[in-house]
2 protein chains.
Amino acid sequence: MDARFDGETVRAGKTGRERFYDSRGYGRPREAGIELAPVEAAHLLFRGDLAGVVDERPESPTAGQRLEFEDLLASAAVPEVAFFVYKELRDRGFYLSPARTGWVADTSGDFVVYPRGNGPWDEAVAYRILAVSERERVRAASLLALAASPDATGVLAVVDEESEVTYLELAVPTITGSTQYHLASLTGTLLSDRVLIPEPPAALHDRAFYGQPLDRDDRSVQLSLVEAAYLARQELLALAGIGNATETLTARGRKVEGERFDRRLRAYSALRTAGIVPKTGFKFGADFRTYADVDSVDQLGHSETLVRVVPAGHVFDPRDLALDVRLAHGVRKRLIVALTDVDEGIDWLAVERLTP
Amino acid sequence: MDARFDGETVRAGKTGRERFYDSRGYGRPREAGIELAPVEAAHLLFRGDLAGVVDERPESPTAGQRLEFEDLLASAAVPEVAFFVYKELRDRGFYLSPARTGWVADTSGDFVVYPRGNGPWDEAVAYRILAVSERERVRAASLLALAASPDATGVLAVVDEESEVTYLELAVPTITGSTQYHLASLTGTLLSDRVLIPEPPAALHDRAFYGQPLDRDDRSVQLSLVEAAYLARQELLALAGIGNATETLTARGRKVEGERFDRRLRAYSALRTAGIVPKTGFKFGADFRTYADVDSVDQLGHSETLVRVVPAGHVFDPRDLALDVRLAHGVRKRLIVALTDVDEGIDWLAVERLTP
């Protein structure tokens, strides 16, 4: 069978179409024959299902010669990251197509993967996959676009330096909880990094889960600056001897963290507004751990999520994502990233390990 | 008993010295009496062992009045982070002293902690502690100085927003392994992000643990760019059709990662030179996992450490350290940070969770 490579597409005739498209979901039919993406042709060459493709690239030094698997892999047309992801999913029994214009309706990501047993001739899509190397950074916008796929699960596939593939499922989480409480206004004392409430109402900590008692046997409750700033904005907290509590607390927060304090406060506020209680996630290396349904601190279950707050335009290092996801998985919590602008809204992104 | 606070020191008389220094290791004796650091006085006030201290701060609005625990905690003289660490270690049964000039010989860090049963009247020091809030960033130099303490274990104590204290032990690790191998020179093909060695000697992967076979049934080995660049520098690898392999590989590495590639290569080279095999640490969110004593890949044990490569002047976010340390602990590996300059040496820092 003759297959010809023009630098962008590999074309073969009727036999190719029958063997590769009709029975195994490679490529797209074109006229009587078949079009293959270079990565698909590389896979067929690797498996020995194609015996070379004829080089028809204009100005190629090997024009007219037969190219083998190694030649295609060494060409810019087949990034090995794409090849490894393609191969890995084929090895798992999936049919998939490169997200080429004209081949698939939604070209975000690099591949669409069909549900097991389905192929390009069916309507359904299981996963929409972006493939990157562990060394490559990924913009938040790309991940959010995949997470929002209406018809498929968005997936970031990271190829590590040993060419193993890790799949991270991307989703837009629902941020909602049922924590309700009533608090009367409080007055506190500003310390350097906290606010002390010497005689708090019991509801403050035990019911609404703000702050932490200073000591086992002590009634005083200490609030973190982010908790205090939130309560001050809600007009539930005043500071002894200080006119504008909100302003003072925000300035104090920024002194150490800069703009990051504003982002954390914004995420904190959004979670509280949704009926969720955020507490420090420090022990898990996160900004917050959260409790969706606090009724009383005495009957507190485990926190359900770990929240990492990053700037809206964040560029992710896949290693950091892998770290967060692995730790969250180990403690049976869901990782949620809050992409938070100082002045605008928050995009929420849930990331978890996936085995397709 | 009369105790007087001048803004920097609390002073009391002979009874104070007997009760606080002689029997419980607070402060330092001065003449017949005792000097206390404000954080020590705050602890005595908190416990009810002191009934207020007289405010002798010049220009204080409360001059001449008696200050309580809350007053001291609200003053700049007692950062609550220091108070929480001091209290936590006292609760654990340790005596400790603030690292004040004139009190201790080495004033690096915030506290010196004496071995259990010892106190300031003894020579021995168990821990030298730097106390920070989870919101505060810490310079590498501070951590390295503590790690290098000749007479004590260096510790970073992080106070989270609920005032719980996490102790991270800092040490200078010994970087040495026993992996030895002999390799003849190789020729490979440069792909976009890897180097392919179509017919490698068996020793390359199975003995020296470079690269990864392309597939279970395939003889070809793929090298990561960092492995290839190292081998090229050792003059063990040439690239087909490319004159200067080292230069080409380094340029390719930088294209995606920038300067970070150079740092990773530097750390990789130092580990290899020490007889240690670094492989990607991606699955653990690290730069490398390492094997100190590879004899053959068939008999490979678990990797022993996770290595994170950061710039020499790195400023640590305690949350990131907590994340790395917790993950490493969970997979029973030691976390090692390689503070790596592009052109200069590497400072190695081992960090692990400590329960004093």
Side-chain angles (χ1 to χ4, degrees), chain A residues 46 70 73-74 76 78-81 87 133-137 158-164 166 189-194 196 198 211-212 214-215 218 220 222 224-227 253 256-257 260-261 264 279-287 308 318-327 330-331, chain B residues 46 70 73-74 76 78-81 87 133-137 158-164 166 189-194 196 198 211-212 214-215 218 220 222 224-227 240 253 256-257 260-261 264 279-287 318-327 330-331:
Chain A
F46 179 74
E70 279 83 2
L73 201 61
V78 183
E80 61 268 26
V81 161
K87 175 179 175 304
S133 122
E134 74 161 278
R135 310 196 306 121
E136 222 167 317
R137 303 180 73 206
V158 187
V159 181
D160 72 22
E161 297 206 330
E162 292 175 295
S163 300
E164 295 204 14
T166 297
T189 305
L190 179 60
L191 309 180
S192 42
D193 201 46
R194 278 160 179 74
L196 192 67
Q212 195 66 10
L214 202 54
D215 198 33
D218 205 280
S220 323
Q222 40 159 323
S224 72
L225 284 182
V226 76
E227 290 173 321
V256 172
E257 289 182 90
R260 182 166 183 178
F261 181 77
R264 290 206 303 127
K279 302 293 284 184
T280 175
F282 177 75
K283 290 221 159 72
F284 308 106
D287 287 283
R308 168 155 313 257
R319 280 187 206 102
D320 293 340
L321 263 184
L323 182 58
D324 277 341
V325 167
R326 180 160 185 148
L327 185 75
V331 293
Chain B
F46 178 75
E70 278 82 2
L73 202 61
V78 184
E80 60 269 28
V81 162
K87 175 177 174 304
S133 123
E134 75 162 277
R135 310 196 307 120
E136 223 168 318
R137 302 181 75 207
V158 187
V159 180
D160 72 21
E161 296 205 332
E162 291 174 294
S163 301
E164 294 205 13
T166 297
T189 304
L190 180 59
L191 309 181
S192 43
D193 202 46
R194 277 161 180 74
L196 191 67
Q212 195 67 9
L214 201 55
D215 197 35
D218 204 282
S220 321
Q222 40 158 324
S224 72
L225 285 182
V226 76
E227 289 174 321
V256 172
E257 289 181 89
R260 182 165 184 182
F261 181 77
R264 289 204 307 126
K279 301 295 282 185
T280 177
F282 177 76
K283 291 221 160 71
F284 308 107
D287 287 283
R319 279 186 207 104
D320 294 339
L321 263 184
L323 182 59
D324 277 342
V325 167
R326 181 158 184 149
L327 184 74
V331 293

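Naming: A, B, ... by sequence-line order, numbering from 1 per chain.
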Handout entry: Check against side-chain hydrogen bond (donor to acceptor under 3.5 Å, both in side chains), B:T280 and A:E134
Key = CA-CA 9 Å; B:T280 177; A:E134 74 161 278; 2.5 Å; yes
Practice task
Before giving the answer on side chain to side chain contact (heavy atoms under 4.5 Å, CB included), spell out for B:T189 and A:E70 the whole-Å C-alpha distance, their side-chain angles and the decisive distance to 0.1 Å.
Solution key: CA-CA 8 Å; B:T189 304; A:E70 279 83 2; 5.9 Å; no
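Proximity to chain B (any heavy atom under 4.5 Å) is shown, for A:K283, by both the backbone and the side chain. When heavy atoms are compared at a cutoff of 4.5 Å, B:S163 approaches chain A by way of both its backbone and its side chain. At a 4.5 Å heavy-atom cutoff, A:R137 makes no contact with chain B through either its backbone or its side chain. Within the 4.5 angstrom heavy-atom criterion, atoms from both the backbone and the side chain of B:E162 approach chain A. Of the two parts of B:L327, the backbone and the side chain both hold a non-hydrogen atom closer than 4.5 Å to a non-hydrogen atom of chain A. Of the two parts of B:A76, neither the backbone nor the side chain holds a non-hydrogen atom closer than 4.5 Å to a non-hydrogen atom of chain A.
Remark: the backbone N or O of A:V256 is not paired with any side-chain donor or acceptor of B:E136 at under 3.5 angstrom. With hydrogens and angles ignored, the 3.5 Å screen pairs a side-chain donor or acceptor of B:E80 with a backbone N or O of A:R194. A donor-acceptor pair is defined here as one N or O able to donate and one able to accept, closer than 3.5 Å; no such pair exists between the side chain of B:R135 and the backbone of A:F261.
Here the shortest heavy-atom pairing between B:G285 and A:L323 reads CA-CB, 3.8 Å. Across every non-hydrogen atom of A:P79 and B:S192, the tightest pair is CA-OG, 3.7 Å. Heavy-atom minimum distance, B:A286 versus A:R319: O-CD, 3.4 Å. Here the closest heavy-atom approach between residue A:F282 and residue B:D160 is recorded as CB-CB, 3.6 Å.
Your options are B:V159, B:L321, B:L196, B:D193, and the one with the most heavy-atom pairs under 4.5 Å with chain A is B:D193. Of the residues considered (B:S220, B:P198, B:P318), B:P318 shows the highest number of contacts with chain A, using heavy-atom pairs under 4.5 Å. Considering only heavy-atom pairs separated by less than 4.5 Å from chain A, the leading option among B:V226, B:V325, B:V78, B:V158 is B:V158. Top candidate by heavy-atom pairs under 4.5 Å with chain B, chosen from A:G253, A:G281, A:G330, is A:G253. For chain A, the option among B:L190, B:D215, B:V331 with the highest count of heavy-atom pairs below 4.5 Å is B:D215. When the candidates B:R264, B:K87, B:E227 are compared by the number of heavy-atom contacts under 4.5 Å with chain A, B:R264 comes out ahead.
Interatomic distance, CD of A:Q212 versus CD of B:E164, reported as 6.0 Å (0.5 Å rounding).
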